[in-house]
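One structure is given below, encoded as structure tokens.
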Amino acid sequence: MTGCDATRPATDSIHPNPSAHSKSDPSIQIETTNLETLSVSPREDDWFEDVTLRSGIEWTYRNGREAGRYLMIESFGGGAAVIDFDRDGQCDLFMTGGGTISSDASITIGGRPSVLFRNHGDWQFDNVTSRSGLSAAPCYSQGCAVGDFDADGFPDLFVCGYKGSTLYRNCGDGTYFEIDPWGPSLSDDWTTAAVFADFDHDTLPDLVIARYAKWSPETDVKCSKGGVRDLCGPTSYLGTTCLAFRNSGDCQFEEYSTQAGIQGSVHGLAVVAADLNLDGWVDFYVASDVTPNQLYLGGSRLPLLERGVSAGVAFNEWGQAEGSMGTDIADFDGDGRPDIWVTNFEREDNALYRSLDNGMFLHATAVAGLSGVSRMLVGFGTAMTDFDGDGWPDLFVLNGNPIYSLAESPFKQKPQLFRNLGGRFTDVTDKGGTFFRDVHSGRGSAVADFDDDGALDIVAIPMNDPVQILRNRKSPENFIRVQLAPRNGEPDATGATVSADFQGRMLTRFAVRGTGFFSQSDSRMIFPLAPELETAEITVSWPARDREIFRGLTVRKTHLLIEGQGEAVRD
């Protein structure tokens, strides 16, 4: 398809039979959760309430396990993107669908449709996949990314997957159409995660894509123990490189990996974009499985400079690479600098890297009270954000093992919730809610204020089980929500820094893309405020540009902060 008036599918297949293209192995028993079990009432002190049934959101990511092939691609699951696709001010929800795997000798891998739910408010969502033009299934899908790549004001979508990563342009009328701006360069590839951000500073969002391995069914390694077959780990495959594509305008992208300075070798599972050293230029952090994590620092010109090892964010505190999956960026200790959070494999702590004032990072897992608390779990989806409205970023981790039965920890695991007490965390999982008291095959996740009450809700994407929607019950007494609208840079203002006063303490938020695992969360920023305030002030540092103060903003509302309409700050 090459234009907004291209022919689109007239029907939608939202719940295809996962074994429609293959004969499933009767020995493979997939445990599934019934939606009716998700309506258990929360306790009085629970932070979250499961509202999946109430919302009308019904969806399950499928990985093709029932075919009994034990392919590496089955390990990682799918993701979600919070996206206001119709620009009505409500957070809508896109989720990837996964795929099918045949059991015949040729091993055919097929795609399942992704899904788009429109938010009508009051926790009422409508499946609009068919009429949006997103019901096709071009690839076995995994991660997804959101970005306004053509700068027309409407958010576009990129879907990662095996043999068919897909770019969808938002037509602005509630529909999408698929474009192919890079020809055959991605048609035979396996991409896992991606992020839109402007690395060449021409105001158009470029695309950085993570890849896991040069893999195909023909090269899949067979792993077993004691005669029991299972999925293989990452050391069975050579790593590969990430990819960078430059947005050249007119719906065209050109591969720019060499010019951008992209290096190997990684098993890439997440890529996040933000200004991580506060120099005004967007940077990229890549979470890699059992190979060193990468940090690409941006500057006034290309190439990006890979500084993961020298900056202290490539390894754990003993200098070892870890099985890294999910990521998030936030100021956990209140010093105004962006810290990096990374979830890891079993027998490894999740990693918290504290930002120092010279662009370096210090491994802070132990001093933050997080050593050992997740060591026998496998973290995927995650968020480092303020769930309880006290101004300190808390931690959510969605756990689950990528190996079915032969790992040391079980396939399904309990999620975790940690409250930030001022730079040190305490485990409050027992107060998380019914979802936190059960086990899940956790993979992708995203956070968003779906009901606009100032509290961030959670979307959890398990594998082969229904998605679950968790309403945050800890709405702050007073708050303000802001959305950035740059005039001189890329449409999403990635790399900007935003701050507000909260009872004498300055809170800092960062414009970040690609957080979580295979997902994109709500890009709006929420600041708790003192209860007596009726208006608030917000300070924005635009990427490599001016700093502005926006005064007299009414509380408990969303404000679009347009560059140039605030009061300029002269340092």
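Note that the structure is predicted; figures quoted are calculated from it, not measured. In this chain, residues are counted from 1 in sequence order.
Shown here for Val195 and Gly514, the closest heavy-atom pair between the two residues is CG2-N, 4.0 Å. Nearest heavy atom pair, residue Pro338 against residue Ile329, reads CB-CG2, 3.6 Å. Among all heavy-atom pairs drawn from Ile83 and Phe94, the shortest one is CG2-CB, 4.2 Å. A pairwise comparison of heavy atoms in Ala260 and Leu302 identifies CA-CD2, 4.3 Å as the closest pair. Closest approach of Leu276 and Leu295 over heavy atoms only: CD1-CD1, 3.6 Å. Of all non-hydrogen atoms in Gly389 and Pro528, the two that sit nearest each other are O-CB, 3.5 Å.
Between Glu49 and Arg471 there is a salt bridge, since at least one side-chain N of the basic residue sits less than 4.0 Å from a carboxylate O of the acidic one. Classification of Asp388 and Arg419 as a salt-bridged pair holds, one side-chain N sitting under 4.0 Å from a carboxylate O. Of the charged side-chain nitrogens involved, at least one lies within less than 4.0 Å of a carboxylate oxygen, so that Lys412 and Asp465 count as a salt-bridged pair. Remark: Arg481 engages Asp449 in a salt bridge, criterion side-chain N to carboxylate O under 4.0 Å. A salt bridge is absent between Asp206 and Arg246; no separation between the charged side-chain nitrogens and carboxylate oxygens falls under 4.0 Å.
Side-chain atoms of Leu484 and Val498, non-hydrogen and from C-beta on, do get closer than 4.5 Å to each other. Between Asp148 and Phe196 the shortest side-chain heavy-atom distance does not fall below 4.5 Å.
Under the side-chain hydrogen bond (donor to acceptor under 3.5 Å, both in side chains) criterion, Asp202 pairs with no residue, sequence neighbours left out. Glu317 pairs by the side-chain hydrogen bond (donor to acceptor under 3.5 Å, both in side chains) definition with His363, not counting sequence neighbours. Residues passing the side-chain hydrogen bond (donor to acceptor under 3.5 Å, both in side chains) test with Gln503, sequence neighbours excluded: none.
With 3.5 Å as the limit, one finds a donor-acceptor pair spanning the side chains of Arg375 and Ser371. Gln142 and Thr96 form no side-chain donor-acceptor contact under 3.5 Å, judged by distance and modelled atom types alone. Looking only at atom types and distance, the side chain of Thr429 has a donor-acceptor partner in the side chain of Asp427 under 3.5 Å away. Asn247 and Tyr256 form no side-chain donor-acceptor contact under 3.5 Å, judged by distance and modelled atom types alone. In this structure, a donor-acceptor pair under 3.5 Å is present between the side chains of Glu346 and Ser409. One side chain, Asn293 or Ser324, offers a donor N or O that lies under 3.5 Å from an acceptor on the other. Side chains of Ser374 and Gln416: a donor-acceptor N/O pair is present below 3.5 angstrom, by distance only. Between the side chains of Asp275 and Trp281, no donor-acceptor pair of N or O atoms lies under 3.5 Å. Donor-acceptor pairing under 3.5 Å is lacking for the side chains of Asn464 and Tyr61. In the model, Asp50 has no side-chain atom that pairs as donor or acceptor with a side-chain atom of Thr434 under 3.5 Å. Using a 3.5 Å distance cut-off with no hydrogens or angles, the side chains of Glu255 and Ser257 do pair a donor with an acceptor. Judged purely by distance below 3.5 Å, without hydrogens or angles, the side chains of Asp349 and Thr365 never pair a donor atom with an acceptor atom. The closest side-chain donor-acceptor pair between Gln263 and Tyr296, if any, does not fall under 3.5 angstrom.
With hydrogens and angles disregarded, a donor-acceptor distance shorter than 3.5 Å links the side chain of Asp457 to the backbone of Phe450. Although no hydrogens or angles enter the test, the distance criterion places no donor-acceptor pair under 3.5 Å between the side chain of Thr382 and the main chain of Thr343. Judged purely by atom type and a 3.5 angstrom limit, Tyr140 uses its side chain to pair as donor or acceptor with the backbone of Asn63. With hydrogens and angles disregarded, no donor-acceptor distance shorter than 3.5 Å links the side chain of Glu322 to the backbone of Asp289. At least one donor-acceptor pair closer than 3.5 Å links the side chain of Ser141 to the backbone N or O of Gly98. Judged by distance alone, the side chain of Glu306 and the main-chain N or O of Gly308 form a donor-acceptor pair under 3.5 Å. Checking side-chain atoms of Glu74 against main-chain N and O of Tyr70 turns up a donor-acceptor pair under 3.5 Å.
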Checklist line | Intermediate values then yes/no, side chain to side chain contact (heavy atoms under 4.5 Å, CB included), Phe76 and Phe380 | finding: CA-CA 9 Å; Phe76 303 118; Phe380 278 96; 4.2 Å; yes
Next item on the list: Any chance you could lay out the salt bridge (charged side-chain N to carboxylate O under 4.0 Å, His left out) test for Arg473 and Asp46, step after step, and finish with the verdict?
Entry: CA-CA 8 Å; Arg473 305 171 74 222; Asp46 281 348; 5.2 Å; no
Note to self: Let's go through Ile461 and Met95 carefully: what are the C-alpha distance in whole Å and the side-chain angles of both, what is the deciding distance for side chain to side chain contact (heavy atoms under 4.5 Å, CB included) to 0.1 Å, and is it a yes or a no?
What the structure shows: CA-CA 9 Å; Ile461 314 289; Met95 292 175 284; 3.5 Å; yes
Next item on the list: Show your working on side chain to side chain donor-acceptor pair (under 3.5 Å) between Asn488 and Glu563 and close with a plain yes or no.
Entry: CA-CA 8 Å; Asn488 301 312; Glu563 184 177 6; 3.3 Å; yes
Note to self: Applying salt bridge (charged side-chain N to carboxylate O under 4.0 Å, His left out) to Arg337 and Asp331, what does each step give before you reach the verdict?
What the structure shows: CA-CA 6 Å; Arg337 294 189 291 265; Asp331 177 18; over 6 Å; no
Next item on the list: Check the pair Asp394 / Trp47 against side chain to side chain contact (heavy atoms under 4.5 Å, CB included), numbers first and verdict last.
Entry: CA-CA 12 Å; Asp394 310 300; Trp47 286 33; 4.1 Å; yes
Next item on the list: Test side chain to side chain contact (heavy atoms under 4.5 Å, CB included) on His440 and Gln413 and set out the steps.
Entry: CA-CA 5 Å; His440 311 275; Gln413 302 177 357; over 6 Å; no
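Summarising the local packing, CG of Leu238 is surrounded by 12 or fewer heavy atoms from other residues, nucleotides or ligands at distances under 6.0 Å. Around the NZ atom of Lys474, the shell of radius 6.0 Å holds more than 12 heavy atoms that belong to other residues, nucleotides or ligands. For CZ of Arg437, the number of neighbouring non-hydrogen atoms (other residues, nucleotides, ligands) closer than 6.0 Å is greater than 12.
Note that CZ of Phe48 and CG of Asn472 are 4.5 Å apart. Values are rounded to the nearest 0.5 Å. Within the model, atoms NE2 of His267 and CH2 of Trp215 stand 13.5 Å from one another, a figure rounded to the nearest 0.5 Å. Rounding to the nearest 0.5 angstrom, the gap separating the CD1 atom in Ile340 from the OH atom in Tyr353 is 8.0 Å. For the atom pair Cys160 SG and Arg211 CZ, the distance stands at 11.5 Å (nearest 0.5 Å). Atom CG of Leu370 is separated from atom CZ of Phe332 by 8.5 Å, given to the nearest 0.5 angstrom. For the atom pair Asp230 CG and Ile403 CD1, the distance stands at 6.0 Å (nearest 0.5 Å).
Tyr212 has its ring centre less than 6.0 Å from the ring centre of Trp190.
Note: Phe435 and Phe396 have tilted aromatic rings, judged against thresholds of 30 and 60 degrees for the angle between ring planes.
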